[in-house]
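Here the structure is a predicted model, which means the values were calculated and not measured.
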Amino acid sequence: IKLSIIECHHTIALRPLNPVLCVDTTASDTGPWYKTEKYIAQLFDITDRENYFVITKLHPQDHGKQSAAEAILKSLSNLNTHYIDLYLIHFPRCWKEICSRDPSGTWEDSWAVMENAYKRGQIRSIGVSNFNLNEMHKLMHIATVPPAVLQ
């Protein structure tokens with residue numbers, strides 16, 4: 001399955017979705033800045049959404065209460081689904097090579113928004129990516145919903 005996911009991602013990035021290549025794929029790790037969420041949504045025309053695991057991420061420039069909430073809604077819309085299986089904070093902070101603007105808040109603000117989306121059923125599990133040990137300690141201290149994943 002990993003090979004299928006990798007092949008599918010490369011296919012998606014290069015041209016419109018190739019259903020033959022992706023039909024055996026059961027999961028996708030995407031993010032709005034990869035510009036693949038809308039292509040992943042096309043899979044739901046040929047496969048049952050309930051049998052497909054969607055992972056997407058919050059870009060660090062979207063940290064903050066309003067920005068994170070808007071980013072979640074945008075991903076749901078892009079993916080043409082009413083829930084995301086796993087939503088990750090991709091990076092705890094911005095730097096000039098990956099962010100075109102400063103975030104309006106912190107990863108802690110974003111985590112609280114993700115917890116609320118989890119409690120509403122918009123997100124089935126939440127986690128983080130690229131967090132160091134100190135950030136994980138802080139997260140474990142503030143989280144009301146424990147992270148399902150440290151990627």
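- One side chain, Asp29 or Gln151, offers a donor N or O that lies under 3.5 Å from an acceptor on the other.
- Contact annotation: the side chain of Val128 approaches that of Trp111 to within less than 4.5 Å [non-hydrogen atoms, C-beta and beyond].
- Asp102 has its side chain out of reach of Gln61: every pair of non-hydrogen atoms, C-beta onward, lies at least 4.5 Å apart.
- Across every non-hydrogen atom of Leu58 and Ala71, the tightest pair is CD1-CB, 3.5 Å.
- Within a 6.0 Å sphere centred on OH of Tyr118, other residues, nucleotides and ligands contribute 12 heavy atoms or fewer.
- The CG atom of Leu79 sits 8.5 Å away from atom OG of Ser28, with the distance rounded to the nearest 0.5 Å.
- In terms of the salt bridge (Lys or Arg N to Asp or Glu O under 4.0 Å) criterion, Arg120 has no residue partners (sequence neighbours excluded).
- Atom OG in Ser110 sits 11.5 Å away from atom CD1 in Ile126 (nearest 0.5 Å).
- Considering every non-hydrogen atom in both Ala117 and Ile72, the closest pair reads CB-CD1, 4.0 Å.
- In this structure Lys65 satisfies the side chain to side chain donor-acceptor pair (under 3.5 Å) test with no other residue, sequence neighbours excluded.
- Here the CG atom belonging to Asn51 is positioned 12.5 Å from the CG atom belonging to Leu43, to the nearest 0.5 angstrom.
- Follow the hydrophobic side-chain contacts under 4.5 Å out from Phe53 and you never reach Met114; the two are in separate clusters.
- From Ile55, atom CD1 reaches atom OG1 of Thr30 across 10.0 Å, with rounding to the nearest 0.5 Å.
- For the pair Arg49 and Tyr83, the cation sits on the ring face: its NZ or CZ lies under 6.0 Å from the ring centre, inside 45° of the axis.
- With His82 contributing its side chain and Gly121 its backbone, the two residues share no donor-acceptor pair below 3.5 Å.
- Remark: aromatic rings of Phe131 and Trp107 are close, center separation under 6.0 Å.
- When only modelled atom types and interatomic distance are considered, Glu37 and Ser75 share a side-chain donor-acceptor pair under 3.5 Å.
- Ile84 and Leu150 fall within a single hydrophobic cluster, where Ile, Leu, Val, Met, Phe, Trp and Tyr are joined by side-chain heavy atoms under 4.5 Å apart, directly or via other members.
- Both Leu76 and Tyr52 belong to a common hydrophobic cluster when Ile, Leu, Val, Met, Phe, Trp and Tyr are linked at side-chain heavy-atom distances under 4.5 angstrom.
- Val145 and Lys119 make their closest contact through CG2-CE, 3.9 Å (heavy atoms, listed as atom of the first residue, atom of the second, distance).
- Judged purely by distance below 3.5 Å, without hydrogens or angles, the side chains of Thr106 and Asp109 pair a donor atom with an acceptor atom.
- Residues Glu108 and Ile142 approach most closely at CG-CD1, 3.7 Å, considering heavy atoms.
- For His90 and Ser129, the side-chain atoms include no donor-acceptor pair closer than 3.5 Å.
- In this structure, the side chains of Thr81 and Val54 stay at 4.5 Å or more apart for every pair of heavy atoms.
- Taking 4.5 Å as the limit, every side-chain heavy atom of Phe91 sits out of range of all side-chain heavy atoms of His59.
- Classification of Asp62 and Arg101 as a salt-bridged pair holds, one side-chain N sitting under 4.0 Å from a carboxylate O.
- Leu73 contributes atom CG, which lies 6.0 Å from atom CD of Gln122 (distance to the nearest 0.5 angstrom).
- For Gln66, the CD atom counts as loosely surrounded, since its 6.0 Å shell holds 12 or fewer non-hydrogen atoms of other residues, nucleotides or ligands.
- The two residues Met136 and Pro147 make their nearest non-hydrogen contact at CE-CG, 4.3 Å.
- Within the 4.5 Å cutoff, no side-chain heavy atoms of Trp95 are placed close to those of Pro60.
- Here the shortest heavy-atom pairing between Gly31 and Thr56 reads CA-OG1, 3.3 Å.
- Annotation: the span from Ile89 atom CD1 to Leu139 atom CG amounts to 7.0 Å, rounded to 0.5 Å.
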